[in-house]
Structure formats: structure tokens, C-alpha cells
K.L.:
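My structure is below; once you've seen it, I'll send some questions.
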Amino acid sequence: DRLAAEFSEELNNLGVRVSNLESRIDNVKWEGKLQYEYTRTKVDGVDAQTEHDLKFRLEPTATVNDHWKVKARLDAATNFKIDNHDDDHDDKITLKRAYAEGTYGPTVVRLGKQPLFTEQGVLFDDDASGASVTLGTGKAVSATLFAGRYNLKHSAWGDEVKEAIANGYTGGTAVSMQLLNLNWDPSEKFHVGADYMRLTN
């Protein structure tokens with residue numbers, strides 16, 4: 001009791017510091033998944049080809065304050081068919097996303113390498129680096145504006161880009177990208193959306 005009384009101020013300060021530390025322990029949330037994929041392709045007159053792919057995804061989210069969070073996604077993949085490794089199936093670890101996200105009521109701001117999904121994913125469904133602002137989140141009318149950069153080498157057109165490079169194309173694979181997405185959701189059963197996307201090199 002005498003020690004507690006003598007060091008009461010120090011103990012109180014320590015208690016405050018421990019409380020502050022405890023309040024920050026849950027600031028980082030980890031999510032992820034492990035996925036095994038078996039694929040067998042058979043073409044007439046050709047031996048069947050099999051793939052054994054293991055994919056691991058890790059997604060940390062760090063809370064900075066009441067408005068801002070920092071998010072990332074790390075993807076790792078390996079092919080169990082060791083005797084058939086090539087450039088397309090070697091082990092890979094990729095930082096797919098890394099961005100800050102600020103939420104102010106119905107307005108969401110994102111800065112960094114972030115996910116982009118156009119209407120039904122028709123024009124674009126991938127990650128791109130830049131800045132976006134979404135207005136009207138959760139409202140009947142909403143809009144998203146994005147401006148940034150995108151690398152065609154890692155896109156759905158990647159094979160065509162690689163072929164063009166092999167044939168002497170020297171214009172680079174990075175493009176400037178601008179996107180406008182408009183949505184109207186008057187009810188749960190009715191939705192209208194429109195996108196405009198511009199890629200320039």
C-alpha cells in the first residue's frame with residue numbers, strides 16, 4: 001500500500017499508456033484465403049494437360065483514424081507441377097493493392113493502387129494506380145471519378161501486348177487512364193449504370 005501510494009503518479013501514467021496501447025492493438029485487421037485449383041485440359045489428339053495451383057491471399061487493413069484506413073493485398077501463387085515450370089508458372093508473390101481510403105459520409109476517397117470495377121465489370125475489373133472519388137455511396141444516385149495509370153502488360157490484353165513487344169513495339173505498356181462511372185438505384189430491383197473510360201499512351 002505504501003509503495004502504491006508513493007508511486008501512484010507513475011502507476012497512473014503507466015495505466016494510461018497501457019490503455020492507449022490496448023486501444024491500438026486492434027487497429028490492424030488481417031483477412032485472407034488459401035485456394036487450391038486443379039485444372040485438366042484435354043484436346044483431341046493431344047495428351048491431357050494438368051495444372052495444380054495453390055494461391056494464397058493476405059489482406060491487411062490498418063485504421064488510422066475515424067475517417068482513414070490503409071489497405072493492401074498480397075497474392076502468392078505456386079504450381080505443384082514442379083517438373084513443368086516455366087515463366088508463366090514460377091512461384092510469384094505480388095503486391096496487388098496498396099492504398100489509403102478516406103470516408104466522409106457518402107463520399108469515399110482512395111489514393112494508391114486500388115481495385116476498380118466498372119458497370120458489371122464489362123469495361124474494367126482490375127487494380128490501377130491513381131486517385132478516385134466516389135460521391136453518393138449508399139444513395140440512389142452515385143458517381144465515381146478515377147484518374148491514374150495502368151499497365152497493359154498485366155491486363156486481359158497482356159498476351160497481345162507481349163506479342164507486340166516481341167514484334168518490335170517500343171511504345172511502352174503503361175497508359176494514362178480516366179474513368180467516370182454513374183449509377184442510379186431507385187429500388188433494390190432496378191439499376192441503371194453507365195461508364196466512360198479513356199486509355200491513352
Side-chain angles (χ1 to χ4, degrees), residues 31-60 70-101 108-134 143-183 192-201:
E31 293 180 330
K33 73 174 183 177
L34 184 66
Q35 172 182 310
Y36 170 74
E37 185 178 291
Y38 170 79
T39 308
R40 184 174 188 270
T41 306
K42 180 72 172 84
V43 180
D44 290 342
V46 181
D47 291 340
Q49 299 293 317
T50 60
E51 300 287 343
H52 303 266
D53 292 310
L54 185 68
K55 300 176 182 178
F56 177 64
R57 176 175 295 170
L58 195 61
E59 297 184 84
V70 176
K71 299 183 177 184
R73 192 178 102 186
L74 191 68
D75 286 0
T78 188
N79 185 347
F80 285 157
K81 199 170 182 180
I82 304 296
D83 59 341
N84 193 29
H85 262 192
D86 55 37
D87 290 340
D88 293 328
H89 295 98
D90 283 340
D91 296 351
K92 301 180 181 80
I93 299 177
T94 309
L95 181 64
K96 295 290 288 183
R97 299 173 184 167
Y99 63 97
E101 181 179 87
V108 177
V109 179
R110 287 178 171 177
L111 306 168
K113 190 172 184 181
Q114 59 192 276
L116 279 180
F117 184 78
T118 64
E119 178 63 28
Q120 307 297 317
V122 172
L123 289 181
F124 196 84
D125 179 12
D126 204 347
D127 303 304
S129 299
S132 69
V133 177
T134 300
T144 297
L145 294 164
F146 171 85
R149 302 278 285 170
Y150 181 62
N151 194 334
L152 292 176
K153 188 186 294 184
H154 307 298
S155 70
W157 307 286
D159 290 340
E160 288 84 349
V161 171
K162 290 176 184 176
E163 183 179 347
I165 292 173
N167 291 328
Y169 171 71
T170 59
T173 60
V175 294
S176 296
M177 178 174 169
Q178 296 85 39
L179 169 71
L180 170 62
N181 165 250
L182 300 172
N183 294 291
V192 175
D195 291 304
Y196 172 77
M197 187 172 76
R198 184 171 185 262
L199 302 175
T200 55
N201 180 322

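Just so it is clear, the values below take in all heavy atoms, side chains as well, and ignore hydrogens, waters and symmetry mates. By convention here, the first residue in the shown sequence is residue 1.
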K.L.:
Please report the interatomic distance CD(E51) to CZ(R40), rounded to the nearest 0.5 Å.
P.N.:
12.5 Å
K.L.:
When rounded to the nearest 0.5 angstrom, what is the spacing between CZ in F56 and OG1 in T78?
P.N.:
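Here the interatomic distance stands at 13.5 Å.
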K.L.:
Does the N201 side chain pair with the main chain of G172, one donor and one acceptor, at a distance under 3.5 Å?
P.N.:
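Yes, the answer is positive, given that a donor and an acceptor are paired below the 3.5 Å cut-off.
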K.L.:
Please say whether more than 12 non-hydrogen atoms of neighbouring residues, nucleotides or ligands are located less than 6.0 Å from CG in D47.
P.N.:
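No.
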K.L.:
Between L54 and L34, does a side-chain contact (heavy atoms from CB on, under 4.5 Å) hold up when you go through it step by step?
P.N.:
CA-CA 7 Å; L54 185 68; L34 184 66; 3.9 Å; yes
K.L.:
Parallel, tilted or perpendicular: which fits the ring planes of Y150 and F124, with parallel below 30° and perpendicular above 60°?
P.N.:
perpendicular
K.L.:
Indicate yes or no: does E101 engage R110 in a salt bridge with an N to O separation below 4.0 Å.
P.N.:
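A salt bridge is present here (some side-chain N lies under 4.0 Å from a carboxylate O).
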K.L.:
Restricting to non-hydrogen atoms, name the atom on L180 and the atom on L182 that form the minimum distance, rounded to 0.1 Å.
P.N.:
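Shortest heavy-atom separation between L180 and L182 comes out as CD1-CD2, 4.1 Å.
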K.L.:
What closest approach, in Å, do F146 and A128 show between heavy atoms, and which atom pair accounts for it?
P.N.:
CZ-CB, 3.8 Å
K.L.:
Going by heavy atoms in the side chains, are T118 and N181 under 4.5 Å from each other?
P.N.:
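Counting from C-beta outward, T118 and N181 never come under 4.5 Å.
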K.L.:
Hey, what do you get for OH (Y169) to CD (E163), rounding to the nearest 0.5 Å?
P.N.:
14.0 Å
K.L.:
Quick one: do E119 and N183 satisfy side-chain contact (heavy atoms from CB on, under 4.5 Å)? Show the steps, please.
P.N.:
CA-CA 8 Å; E119 178 63 28; N183 294 291; 3.4 Å; yes
K.L.:
Drop me the distance from R57's CZ to K33's NZ, to the nearest 0.5 angstrom.
P.N.:
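Taking CZ in R57 and NZ in K33, the distance rounds to 4.5 Å.
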K.L.:
Could you report the tightest heavy-atom contact between L123 and M197, atom names first, then the distance?
P.N.:
O-CE, 3.7 Å
K.L.:
Would T94 and D75 count as having a side-chain donor-acceptor pair, cut-off 3.5 Å?
P.N.:
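Result is no, nothing qualifies.
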K.L.:
So, taking the atom named CG in D126 and the one named CZ in R97, what distance separates them when rounded to the nearest 0.5 Å?
P.N.:
8.5 Å
K.L.:
Using atom types as modelled and distance alone, determine if a side-chain donor or acceptor of Q114 lies under 3.5 Å from a backbone N or O of G130.
P.N.:
yes
K.L.:
Minimum heavy-atom separation for A131 and L111, please, with both atom names.
P.N.:
CB-CD2, 3.6 Å
K.L.:
Can you tell whether the side chains of D127 and K113 come within less than 4.0 Å, N to carboxylate O?
P.N.:
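No, this pair does not count.
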K.L.:
Heavy atoms, side chains only, cut-off 4.5 Å: are R149 and S176 in contact?
P.N.:
yes
K.L.:
Say you draw a straight line from CG of D195 to CD of Q120; how long is it, rounded to the nearest 0.5 Å?
P.N.:
9.5 Å
